[in-house]
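This one's a predicted model, so the numbers in the text were calculated from it and none came from an experiment. Numbering of ligands and ligand atoms starts at 1, following listing order.
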Amino acid sequence: MSIQNNLRSIQASIPKNVTLVAVSKTKPVSDLMEAYEAGQRIFGENKIQEMTDKWEAMPKDIQWHMIGHVQTNKVKYMAPYVSLIHGVDSLKLLQEINKQAQKNNRVIDCLLQVYIAEEESKFGLDEEELSEVLKQVQHDKNELNHIRIVGLMGMATFTNNQIQVKKEFSRLKTIFDHYSTLNSKNCQLNILSMGMSGDYTLAIEYGSTMVRIGSSIFGGR
Ligand SMILES: *Cc1c(COP(=O)(O)O)cnc(C)c1O
């Protein structure tokens, strides 16, 4: 199967209201261009340097999503162009994104990453931390006017145990619904980013509105 065929069959299998992020990390620009020529305009990368190199090399109507863990000292490199940052997991990081966005005269959209997996290694906020970060973001004294929290992101445990994955997606959906009535200047949760190549069908069943798919489009890494 070619990249274009993979893309078309995935696009055909997901509902219209679900956004497809083509996860192109480690893949060469020529592969991304194949996807671009098939109409794909949203790409996800997990390293800021690699994403910036690709942004420089590729057409400017692409939306670049940072899906990896973000180091505070690298935010400045993507602040001029990044369209959505999925993996935000601290107020400190939000403050830096806000600062760099301001320097670029922009408002940068962010998702808060929630920890739903059983694995130790996954990043993210627990429910209590999430509640606290949302509270701080909305507090006037923090003056976070150059970021906007537009949703949540989560990664399920990497397992074949469907029951467990369902449980984790369902929990994230419940948390998302709980905050869906937030309606302040910089917090309006509309996007639920969950689901990858192995579990996106399930994620959509459980309310995902944005799937991040890499290997099913571009092949293994
Ligand atoms: C790599 C990655 C993906 C895509 O994974 P695939 O299994 O290749 O679809 C999705 N989300 C995040 C956060 C990733 O790092």
Report, one line per pair, each donor and acceptor closer than 3.5 Å where one atom sits in a side chain of residues 173-181; sequence neighbours left out.
unit_1 : atom_1 : unit_2 : atom_2 : d
Lys173 : NZ     : Asp177 : OD1    : 3.0
Thr174 : OG1    : Ser170 : O      : 2.9
Ser180 : OG     : Asp177 : O      : 2.8

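Residues Ser197 and Gly214 come closest through the heavy atom pair OG-N, 3.6 Å.
Under the side chain to side chain donor-acceptor pair (under 3.5 Å) rule, Ser193 has a single partner from His65, Gln113, His86, which is His86.
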Residue pair Val107, Ile147: steps toward the side chain to side chain contact (heavy atoms under 4.5 Å, CB included) verdict: CA-CA 5 Å; Val107 174; Ile147 52 123; 5.8 Å; no

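Note on Ile149: it clusters hydrophobically with Met66, by side-chain heavy-atom contacts below 4.5 Å among ILVMFWY residues.
Annotation: Asn73, atom CG; neighbour count of heavy atoms from other residues, nucleotides and ligands within 6.0 Å is above 12.
Within 4.0 Å of ligand 1, contacts by protein heavy atoms are made from Val23, Lys25, Ile67, Met153, Met155, Met196, Ser197, Arg212, Ile213, Gly214, Ser215, Arg221.
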